[in-house]
Structures are given as C-alpha cells and as structure tokens.
Amino acid sequence: MSELLQFLFSGVTVGAVYALVALGFTIIYNASDVVNFAQGEFVMLGGMITWAAHAAGLPLPLAALSAIVITSAIGVAMNKLAIEPARGAPVVSLIIITIGASIFIQGAAQIVFDKQIHSFPAFSGDAPLRVGGATILPQSLWVLGGAVVVFVGLWVFFTRTLLGRAVLATSNNRLAAQLVGINTNFVMTLSFALSAGIGALAGALATPITLTAYNVGIGFALKGFAGAMLGGMGNPKGALVGGFLIGLIEALTAGYLSSTYKDAAAFVVILLVLFFMPQGLFGRKSTDRV
Amino acid sequence: MRISPKTATLLVLAVLVALSPFFFPSNFYYRIGSLMFVNAIAVIGIVILTGYAGQISLGHAGFAGIGAYACALAPVHLGLHPGIAVFLGAAISGVLAWMVGRPILRLKGYYLGVATLGFGILVSMILTNERDLTRGPDGIDVPDLGLRALVNGLGLNLSNGQFWYFFSGICMILGAWIALNLFNSPAGRALRALHGSEVAARTVGVDVARMKLQAFVISAVYASISGSLLALQNRFVSPDIAGFMHSIEMVTMAVLGGVGSVLGAVIGAGILTLLPQVLTIFAEYEQLVLGLVMMLVMIFLREGLLPSILKRFRGRDE
Amino acid sequence: MSELLSIEGLGISFGGVKAVHDVSFKVKPGEIVSVIGPNGAGKTTLFNMISGIYRPETGRVVLNGEDVTGMEPHLLARRGMSRTFQNLQIFQSMTVLENAITGYHLQESGSVLADLFNLPASRRRAREAEAGARRLLERVGLERAAEREAGNLSYGSLKRLEIARALALGPKVLLLDEPAAGCNAVETEEIDHLIAEVAASGVAILLVEHDMKMVMRISNHIVVLDHGEKIAEGDPATVSRNPAVIAAYLGAEAEAEHADG
Amino acid sequence: MLTVDGLRSRYGRIEVLHGIDLHVDSGEIVTVVGANGAGKTTLLRCLSGVQPVTGGSITFRGEPLVPVPAHRRLARGLAQSPEGRQIFTNLTVEENLRLGAFLFTDDRVEKDMDDAFAMFPILRDKRNLAAGGLSGGQQQMLAMARALMGRPSCLLLDEPSMGLAPIIVSQIFEVVRGMKDLGVTVLLVEQNAFGALKIADRGYVMETGRVTMEGPAEELIADPRIREAYLGI
Amino acid sequence: EIRIGASISATGPAAFLGDPEAKTLELLVEELNAAGGIDGENLRLVMYDDGGDPNRARTFATRLIEDDEVVAIIGGTTTGTTMSILAVAEDAEVPFISLAGAIEIIDPVRPYTFKTPHTDRMACQKIFEDIQARGFTRVGMISGTDGFGASMQAQCKQVIGDYGIELVADETYNPTDADMTAQLTKIRNTAGIEAIVNPGFGQGPSIVTRNYKQLAIDLPFYQSHGVASDGFIELAGADAAEGIRLPGTALLVANLLAEDDPQKPVVDAYKTAYESHTNSSVGTFGGYAHDAFLILTEALGRADATDPASIRDEIEATEGLAGTTGIYTFTPEDHLGLDLSAFRMLEIRDGAWTLVD
Ligand SMILES: Nc1ncnc2c1ncn2[C@@H]1O[C@H](COP(=O)(O)OP(=O)(O)OP(=O)(O)O)[C@@H](O)[C@H]1O
Ligand SMILES: Nc1ncnc2c1ncn2[C@@H]1O[C@H](COP(=O)(O)OP(=O)(O)OP(=O)(O)O)[C@@H](O)[C@H]1O
Ligand SMILES: [Mg+2]
Ligand SMILES: [Mg+2]
C-alpha cells in the first residue's frame, strides 16, 4: 500500500538523521560516561559551515569536508579547553559544562553566521525516487548511507580494535586505564574529534532535507539523545536502531493517529521500552557486584 | 553557642530578603528578586531530588507547568480562588509524580533522565496543543491572587513588585527551612545514603523505591509551587514554563550553586536569574558570555559555587 | 536453643553455570558459623541470596520460623538481618558518623512529614541514633574519624566502618563478608574480639573469611563450599583435617605455615 | 633501581605522607607493612603517578619519575596491581588482560596471556565473561595477571593476597618470589606481613605517613616490636 | 534625549521573526538620529532580547519602564511575549506597540496597546476570499504547533464557515520537524480535497513546500504571511514554490507597485535601507517593526515627548499613515488601524512575487 510505504519512507528519512546524531553521542559517552549535550551543536555546525563554505564558492563535497574537519577541531578544542581542565569533576558538572558549551557555540554561530535559515543543494539532485507509488528523495539515501557507514565503522572500532577497547576502558575505570598505559587524555581528544566529526557529517548530509540555522542544535540533540537511550546508551547498534525507531514511530503516528501527538507517541514508546528493559534495547547492564 | 549550618543558612536568607531592597537602584529590582526566589523554590526541589537522592530529572518544568496552569484554569473552570489553586496544583503534581515516579524511578542515570524528559515533554505538549483547555502556545491570563490588596488593607503600601518580592521571599525561606530539616533528618539521611550505595541502603533497611518516590514527589511539589507563584505574579502563563529549557535551567541552577546545598540552590538561582539581565550589555554576545560563564564556573568551582568556595575558605582557615 | 536462620537447598546460576547449588545449613543465636571455600566457590553469592540481593532459583531461607526467600533487603533488615560487603558499599559523600547513623535507619525513621517540619519526635529519634552511632564508632576504633568524609578513609578503616554500620541495626543475624580483609594480624584480632562479643550477646553470625587463623579461632561451626556445593562441614578441628578441604582450599603449605605461626 | 627521597603527598589540604625515604634495588623484593591508614596505598599511588607529589623526589632507573605522566610509567617498566583491584568491570576477562598489554602488539602478548591463564586457571574458564561478574578473589587474580601483562621490570603490588584463599595466597607469594628469578623487582605492600616478609629481602614499616623501621626481612620478622604490632605473635 | 524601549525575540524559536525586527529598529534609530532626531532631540533605543519567553519579556518590560524609564515600548514578537508586556505597560500606562498577530491583543481595545501587523484572522479571511473566488469549497490545513501556526489555525477555523468552505483535513507539525510527507500524504488522500493552506513560519513551511513537490501534489497551495520574504522562495526552491499564493504586503512587491501608490515611497526607502544594511532581503516582519517605529516617532513628533499619556493620545490620533504593511488609521475603537485591503494576494511565479488580481 503506497500510503504505508510513504509513511515508512518519511520515518526512515527522519530516523536516519536521528540515528546519525545518536551515533555521535556514543563515542564521548563511551569514553567518559558523559552525555555531551553539545552534540546537537556539532550537527548545526556541520550544516552551517557547509552552507557558508558552499556559499563562498567551494564545491559541495569540499564544503562538507571542511565542515567536518573544522567541527572536529572545535570538538578537540572543547575537550582541551572545557572538559580536560575539569577532570575529576562530578558527572553532573561535566554535563553542565557541555550545556554551557552548547549555549556558547550557539552564541558564536549566530555572530559568525547569522540568524537566518539556510540550506544548500542536495548532493544528487531533488528528483524524487518513486518506489511502489511512494517517493523518497535521493538525499534521504545519502543520510541513510551515512548512518549505516558510521554505524559499521563504530561497531568495528569498539568491538574489533584495541583502541576502541581502550576508549571503553577509560570510561569504565580511568585510574586503571592510566595504569595499563592508556593515554586517557588522548582517548578523550580522539573521542571528541570523532564525535564532532560524526555530528558534522550528520549536519552536512541532513541539511538539504532539514534545513539549518544557528539554533537547530538543541532539537537534534534531544531526538538523538532519546534515540540513543531507547537503543541503549553507548552501543552503536542501539543508537542506529533507536534513531530509526523514533523516526518510524513519529511518521506512523503522524500518518495513522495524530500528527499533533507524534512526539508524544515516541516518548510513550521509550517509556514502555524502558519499563521492561531499563537499559534500553541493546544497552548492557553494568556488571559491578557487591 | 555554635550556630548550626541550618540556622546559619536561614539567617543568611532572611537577611538577604530583608536587606537587599535597601540596595536596589530602582523598583525593577524587586522583579528580579522575586524571580530569583521563585526560581530558587524550584531549584531547592531539585536539590532534594538530585543533590540528596542522586536522581536526575530533565522534566521538572512539567510540574511547574501544572502548578502554573492550575492557577490559570482552576479559577475559571472550577471557580476556585487562585490561592486554593496553588494547593490544588501542588496536589495534582504530587499525585502525578507519585504515579509517574513509581515505574520510572527504577531507571538509573541517563535512563531516568530520558524518562523524565519524556514526561516533561508530554506535559508541555498537552499545554501547547489542548487549545480548548489551555488556549495554546500563546498563553493564558491568570487571575489576581488578591493577597496584595489584603496586605495593603492592613496598612502596608506595597507596589506590585514589592509585594511579590517579599511574598516569594517568604515562601522561599519556608521552602529552604523544610529542605534543611530534611537534610539532617532520618529521611534525608536515607536519601543521601541511597545516593551513595543503593545496595547498602537497602540492607540497612531503607525502602529505596519508596524513598526515591518520596523525594520525587516532594521535589515535584516544590516545582509546582514555584510555577504557581510565577504564574500568579505574572498574571499570565504560557507553555514555555513547562518547556525543556526550563527543566534544564532548573538543573543548571542547582548544579551551578552546588547541587547538594540549599543555600547553593538560592545562589545558583540568583546568578542564573541575574546573569541575563547583566548580559544585556553584551547584546548579541549574550549567549556567548552566558555559555562561557557556565563553563568557567564548572571548571574552576567544579562542585558548584557554594561548596567550592566554602572548601577554599575553610582550607585557608586551618 | 533452636536455629534462628535456616538455609535449605539454596541454589542459583549465572549464564548456565551453577554458582551455588543445593546448600543447606543452620545457624543458632549466639553461634558463629563460617563459610569458607576457594575463590569463586559461591560464598558471596550465597550471602547475596540470603540477604535478598539475589533471588534464589531453588531452596528457601527461613528466618525465625518465617520463610523470607527472595524478600527485599529492607524487609529483611526489619526482621533483624544485617550484613557487610566484600566489595565495600560505603556512602562516600557522607561523613563517617552519618554512615554509621544510617544503620539506625529503621529505629530512627518515622514519618517524612515529621522530618520535613522538624517535629520534636523526629529530632529525638535523630539524637538517639547519633549517640548510638558514636558508641559504635568507638567500638571499631573510628571515633576520631567521625566527622571525616567517608570516601577519604583508607581501605581497612572502611571495612571497620561497614561493621559498625551493620551493628547499628541491632541485628539478630549478622552476615560478615571478609571483615578482616585488608587488616593486619593485630587489627584482625581486634575484629575477632568484636565479633565474639557480638555473638556472645546472642546474635547469630555468619562469616566468610579467608584468614584461617581467625576462622579457626572463633567459629563454632564451619561450612565448606567448592564450586557452589557444600563439600564439608563441622567444627574447626574436623574441617581443617578434612583432606578434601585441604586439597581444594587450605593447601598443604598453608597448613604448615599455620602450624609454625 | 627505585629511590624515594623525602616524598610528601596530600589529599586536599591534609598531608598523609610526611617525607618517605625508601629504596628498592634491582632484583630485590621489598615489603612495606603498616597499620590501616598508614599511607601505604598513597605511597604506591605516588609511584604509579596517579597521586600528586607535593615534595621530595622519586628516581627510577636513574631518572626522575615525578614529571612522567602515569600512562608513560608502564612503558618505563613500572606496573601496579592497585588496591581495590580496579579492573575494567564492563570488559571481559580477556579484554582486561589484553589492555594490560596495551603497549605491546607483538606475538608475546598471546604467550603472556597463556602464562597468566596457567597461573590462574580459573581466569581461563571465565575469559569471555564480564570481569565485573568475577568473585572478589578472582578479580584480585585478574588485577595481578593484568599487571604482569605489562612486562614490568618493577612491580608494585598493593595487598595482592587480599581476599584470596590460603592455597592461592601461598601461590601468589610463590609467583612473587619467582619474579625475582626473572629479574623483576618487586615492591610489595601487604597486611599478611608474615607471608610477605618471608619472601622479601628487605622490609619497611610505615606509621602515619612515616617510615619508622627498616631492615633485612629476617631481622624485621625477628623484631619483637614487629611481632607484637604487626604479626600478632 | 528621548528613550524608547523594545523587547524583541531576536533569538530563540521566534528568532526568524525577531531578528529582522531588531535589525530594523536599530537601523531606523540610526537613520533618524543622523537626520537630527525628533525636534532636535536624539532618540535612544533600549532593546532587549526576550528569546521568545513571555516570562523574560515581562521582566524586560518591567525593566524598560522602571529602570530605563522609557516613554514607549515596541515589541512582543510573539503573541505570548506581547501579552506579558501588555500587562506591564497597561499597569504603568506606557504606550506599547506590538508586533504580534493575535486579535486578542487589540480586542478588546486596551488604552495603551496598539499593534501593527494584520491579525491572523485577517490573513485567514484573505486566503479564504481567494479560495472562494476560485470556487473551491473543500480545504485541508497543515499548520505548525508554534504560537503563530496554532493561533492562525484556530482563527481560520473560526472564520472558514463564513466563506462556505469546509475544512476536510487538519494536520500539524512541530516547528523543528524535518519531514512532513506523512501529514501531506494523509491530506492528499482525503476525499474531495481541493486546496491546502499552511499557516506557519520559519523552516516548517519551506519543508512542507518541498515535500509538497516531492509528493507531486497538484492542489492549489496557500501559505501564510508568516513566510512572506524572498528567503522563503530561496529555501523552498523556486521550483517547489511555483504557484504558491499567500496574503502579503506591499513590501514584497515593491517593484510592482504603481508609481502613485501611497505606500511606494516608504516601501522603497525601507527596502533599500534594510537590504544594503543587512545584506539580506526584507520580509513582512521587519516591516511590522518599521511601521511601529514610524507610528511611534510620528506621534512623538506631535506630542509632548516625555509624557506617555500624550504620546498615547497622539498614536491614537494617527491617521492615513502609510507604512510598509498598509495605511494606518487608529481610532479609540481600533488599535490596529488596518483593514483587509492592506493585504495583497501574492503568487510566486518563476521564483518571484507577483500580484494576483
Ligand atoms: N552477577 C554475576 N554474573 C556472573 N557470574 C557471577 C555473578 N555473581 C557470581 N558469579 C559467579 O559465581 C561464582 C561465585 O562467586 P562468589 O562471588 O560467590 O564467590 P566467592 O566464594 O565469594 O569468592 P571469593 O572468595 O573470591 O570472594 C563465581 O565464579 C562468579 O564468577
Ligand atoms: N581520597 C582521599 N581523600 C582524603 N584522604 C584520603 C584519601 N584516601 C586516603 N586518605 C587518607 O590518607 C591516609 C593514608 O591512606 P592510605 O590509603 O594510603 O592507607 P593505607 O596504609 O593503604 O591503609 P590500608 O591498610 O587501610 O589500606 C589515611 O588517613 C586516609 O584516611
Ligand atoms: Mg566473595
Ligand atoms: Mg591501602
């Protein structure tokens, strides 16, 4: 049925964006147990920098690349200037630092750029692809592909590489990580660079669909956060599935029930899932014993 | 006789409320003062929930919304006096917190965060979208509390700003007194214990689920009353009061001041209420500076303003 | 006197591996029963089942004639059960004194409303709890650390703080999981005396400890676990001579060392 | 090999080490004993770089150690099995061991791991289990094994026998003694003073942040004050 | 020196509206002072950013009156913030000109409160007039859940019956949503639907428009004055925006105005000044601020400039004043001063605004 298919396409389009944002959360979380509320700003920067660079005459791929590189650098700076100096602070303090960083980045963006809404051309045109009576934009496939590639990359990183294990070890027990020779500062720098880069990638891929402005970060952060928690924080698989699930729930609710309460539906599902699986769908239980 | 920290805190607060007006350059500062106190009430609730019991909430603005809209709607629909509506709002918030809290307080850390976030968003959504009841995103008028007329009838002559300054100041001190009582009481200790180790708290006989729920309900009532007072003094309320940003603001105020400390809560609320007013001189750099200040405070005073400063102060003492 | 605590065929498994299997024994008031066995034998798991932290898959726990299997820990505490932990469970950001006072939670806690409004009843209860807690800190030698933040204590001191907190409940049954770990021989003896004293006041004590000198010195009865199963039980002399116990746990050399120490 | 000279350290404003002098020669086993709260753990934390040093100096293989960040000290040959075990509870036993050899990528890692499993067979059975699920004693073994995976030339052990069954305790002391034959230097903090001093060359006694006695291990064992205060004999 | 105050949502969810308003006010004050001020006195603008939060707006209104001692206030980008400021201004008896849409602001008329934008209701009426003229009777609506969208949705529902039109589909989206194809699919599949209306501002309508094209919906499509600026065509894409109609102001079609159109000079002047000053295109919302400023300064010129009451009286006496939005004539019964004729039905053709006649 073409109607259902269209709803699914809508859900997948949005879900892929959420999934990309959620994936961005996982790395910093895995390295430090901190949910970086500035993650949404990385997405915003990805979109805004790509727009600005493109408007300044850079070809689109180059503009996107520069956005990713610059945002990663901003991520590293954030770690060096704001997170590292606060080492040893309680997690709530770190969270407030990330919220502060988020406000700061937003404030900077509105000065460096402007307060208008922007976009740039889709990567492979605007001609919708028709499948079984429903349509999807080629750009959605770009976002989809981006989410899957990032997911695979992260999954391999965390399960197959010693460095990935070192990231997990750092959050699990920083003291022990140092004792086995892990440079925990480097791990943090790396994870901020990666997280910010993934965020910027999300922004660059999604902007032709979602549009961008200096203040879109918080919305992305919320949805990405919700997706990551639904899937189980820290697990790339969870981020991917959680993000898509939220997108699909929203689209199906908007299509079949009520567009007004589609966000509510997403949160009701999250509450239900957490009721039965307090660690989210794929989150692992902490194994500390008494 | 040594003054207990509790008495000291209450004294400081009383002096603050009573003497500050002598330093006000204009009547406008009564408004800022009363906003600080109203915010502080909600933040004290967060101190109980997060500082004492270690539970995160990213949705407490939802309760503030309930308290506020109770004052807007109950007089119209139920014919209640707005003053009674404050208690009705608090009761609804309490009951709702109890119902919502039972399932979600089993969750830990960020999972609890996202669940409370969901709750807050649901409330704000209903306030926004149930136009027929709430008049939607543009907000709704709130009837006059009438207390000022009463007080002024007793011979005082308070302007609206002055009245709300002193009234919310008194409410805030009352709220602080209750929270301070709790801190060193058996129940407060049980909360702080389960914060430290749930398992150990259970084995010493703390009914962890029940205590968490109590903390959640109490903090919801604080938020609700704060929302009511804000609505009554503004004579107007819009769904922004239940918004995510307001929830975050409450938590930020608590953490900035020092999340375990009642006086810290008041200081945190004070700073974050005053800061935007000060920052207007930076015009478009306002957000930039606000973010910067938040980061700097947390980097250099990582346990929050008050506890960190006290620590240094004591350090020099010895 | 009849038994206070009776363990009947308790068992649990993790990921298909039986951590504890069909373990039974009884403890009388005033008696010290030790559970020993190799690392990973299931001692702590057994404690966790008895104290309600894990729900046993098989068997029953009977306390004072009542079946309390799988009951919530705080309800067990109400019925007189108290314990310490092998992996410290300290209220880090509270003071040492406050840590000890929490042990009085059941006696001191009344209605939250009384606490919120600082009613006299609430104040009186809090005062009594504090006085009791100070006495207990003295008994474990921590009176001078009373006002320090608990997280700042050394490992051995924390072990003793846990004992004080457990005693504060005024338990009928006390479960101690390696109370002497991290203490030297002299400190261990102090703990010895304390335990003996508590037992003498009629409390049933269940002890897990790897310090064989201590175990042999104070136990009335010893239960030996290996791979989750009870492989021996009896009085100290019998158990220490049991070849299976020597092979699995004590080791020939340890015994020799014991003899020369 | 390791020389500690007038070492001071503090937590916040409270000083807990008031000038420790101590040295460990190459290939030696040195034991430190002391009451609860004497500062033994703090001393080891200073040596491994996770505790700020506020005075004095540490020299390791002729070079000052204090400026070296913690994560570089393993590369210099200094490994620690810390108090409270500090294993990676969310990672598997095998991952814990591999991270112990984080600095190495050669084939010897596998061999070292086999050696560790040979030393503590129970860990082999549990290699794919989250380390947080291990029993207390098993975690202690893992901490020790992980330290060995770092191929130290100097091993710092903080109460390695804590929570271990007697049969394993004697085994651990055997292992430590065996280290000596492999040329590894060991600084051992122990509450089981008797067992520890028996395998040690020399010993130190710490009391409230100071070294109050030192000497060859046999002498310390024979010293009546020590026998009374620490050995309980 | 004459001090006037402003509380604008230059950031926050309504920044899209507030930002051009703030820039416009700054620009105009600068221009006015350069030209010698009012009766030789410089004008000082004290402007605060309320971020769209009514609570903050109330605080700033209090501050403007009690601390900065301004003689009049412009602002309230949104209806929520306006209602907050309004209460303070009325209490203190300080003239206040709002930039928000809701009819509640001036109905009932309050002595000190005026507003420059058309009401939402008028926009609805204008749209339905056009729909009626084209002979359609079954209409679907997709609106944002923000204040602007929700308020206009409600007003449209109230007046739709007057035009013999039936609302057959009513969907909403959140202002931050990224895809509205689900809602549009649902609307499109509604039996007998003939046209679609989209009340909203910000990125929402642009995305709706893009999705409209993606789904190849060929029903007549109406936007609201919330998107009346060139930026909208750019964001939605000229292609997707082709054929869209909306009620707009003279500002957007400055080049199409007749030479003798009374609005022509003021529109041209503002457009040139704004676009050269900010490097972005003018929009309806900046225009509202422009008109508020114009009305206020005209009144200040006539009044004893330090007395709020006399300023108020002069504002109320404004007559036939041509602004960018329309020609204002206030009376004691009418504090809006515009009628439906100020709205012009525009249509986007080939990426540009054209007048529908
Ligand atoms: N939560 C759990 N998850 C997985 N395995 C567990 C868990 N709890 C216990 N086990 C396993 O059960 C066995 C028994 O563990 P337990 O902690 O009871 O041993 P123990 O006798 O106390 O040992 P120790 O003397 O070392 O403290 C161990 O092999 C352990 O790995
Ligand atoms: N994090 C901390 N903050 C403040 N003080 C601390 C901290 N950790 C330890 N101390 C204090 O430092 C002193 C030395 O502690 P340390 O842990 O080094 O003792 P220890 O000799 O290892 O004792 P134990 O045998 O009990 O392990 C003690 O007085 C202790 O209370
Ligand atoms: Mg155990
Ligand atoms: Mg120690």
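Every chain is numbered from 1, with letters handed out A, B, ... down the list of sequences. A quick note: this is a predicted structure, and the numbers were derived from the prediction, not measured.
Note: E:Ala178 leads E:Gly18, E:Ser206, E:Pro20, E:Ala178 in heavy-atom pairs under 4.5 Å with chain A. Interface check for chain A: of the options E:Thr181, E:Asp170, E:Leu235, the most heavy-atom pairs under 4.5 Å are formed by E:Leu235. Each of E:Thr278, E:Thr185, E:Thr176 has some count of heavy-atom pairs under 4.5 Å with chain A, and the biggest count is that of E:Thr185. By number of non-hydrogen pairs under 4.5 angstrom with chain A, the leading residue of E:Pro13, E:Gly237, E:Gly12, E:Pro175 is E:Gly12. Between chain E and the options A:Thr13, A:Ile117, A:Thr210, the largest number of non-hydrogen pairs under 4.5 Å is found for A:Ile117. With chain E as partner, the option from A:Leu137, A:Ile209, A:Asn215 having the largest number of non-hydrogen pairs under 4.5 angstrom is A:Leu137. The candidate from E:Gln214, E:Arg188, E:Glu234, E:Lys186 with the greatest count of non-hydrogen atom pairs under 4.5 Å with chain A is E:Gln214. Taking E:Ala216, E:Gly231, E:Ala10 one by one and counting their heavy-atom pairs under 4.5 Å with chain A, the maximum is reached by E:Ala10.
Between E:Tyr288 and the options E:Leu251, E:Ile74, E:Thr325, a side chain to side chain contact (heavy atoms under 4.5 Å, CB included) holds for only E:Thr325.
When atom types are taken as modelled, the side chain of A:Thr98 and the backbone of A:Asn36 share no donor-acceptor pair closer than 3.5 angstrom. Here the side chain of A:Thr253 pairs no donor or acceptor atom with the backbone of A:Lys262 at under 3.5 angstrom. Although no hydrogens or angles enter the test, the distance criterion places a donor-acceptor pair under 3.5 Å between the side chain of E:Thr190 and the main chain of E:Ile187. Looking only at distances, no side-chain donor or acceptor of A:Ser2 sits under 3.5 Å from a matching main-chain atom of A:Ala134. Side chain of E:Glu21 to main chain of E:Ile8: no donor-acceptor pair is present (N/O by atom type, distance under 3.5 Å, no hydrogens or angles).
For the atom pair A:Ile136 CD1 and A:Arg130 CZ, the distance stands at 12.5 Å (nearest 0.5 Å). To the nearest 0.5 Å, the span separating CG on E:Asp50 from OG1 on E:Thr11 amounts to 8.0 Å.
Using a 4.5 Å cut-off between heavy atoms, E:Asp177 touches chain A through its side chain atoms alone. Heavy atoms closer than 4.5 Å to chain E are found in both the backbone and the side chain of A:Thr135. Using a 4.5 Å cut-off between heavy atoms, A:Phe9 does not touch chain E at all. For E:Asp179, the parts sitting under 4.5 Å from any heavy atom of chain A are the backbone and the side chain alike.
The ring of A:Tyr18 has its center no closer than 6.0 angstrom to the ring center of A:Phe244.
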Next item on the list: Any chance you could lay out the salt bridge (charged side-chain N to carboxylate O under 4.0 Å, His left out) test for A:Asp126 and E:Lys213, step after step, and finish with the verdict?
Entry: CA-CA 10 Å; A:Asp126 281 324; E:Lys213 180 187 160 222; 5.1 Å; no
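More than 12 heavy atoms of other shown residues, nucleotides or ligands fall within 6.0 angstrom of atom CH2 in E:Trp353.
Of residues 142-157 of chain E, not one residue has a non-hydrogen atom less than 4.5 Å from any non-hydrogen atom of chain A.
Ring orientation note: the planes of E:His290 and E:Tyr270 are tilted relative to one another, at an angle of 30° to 60°.
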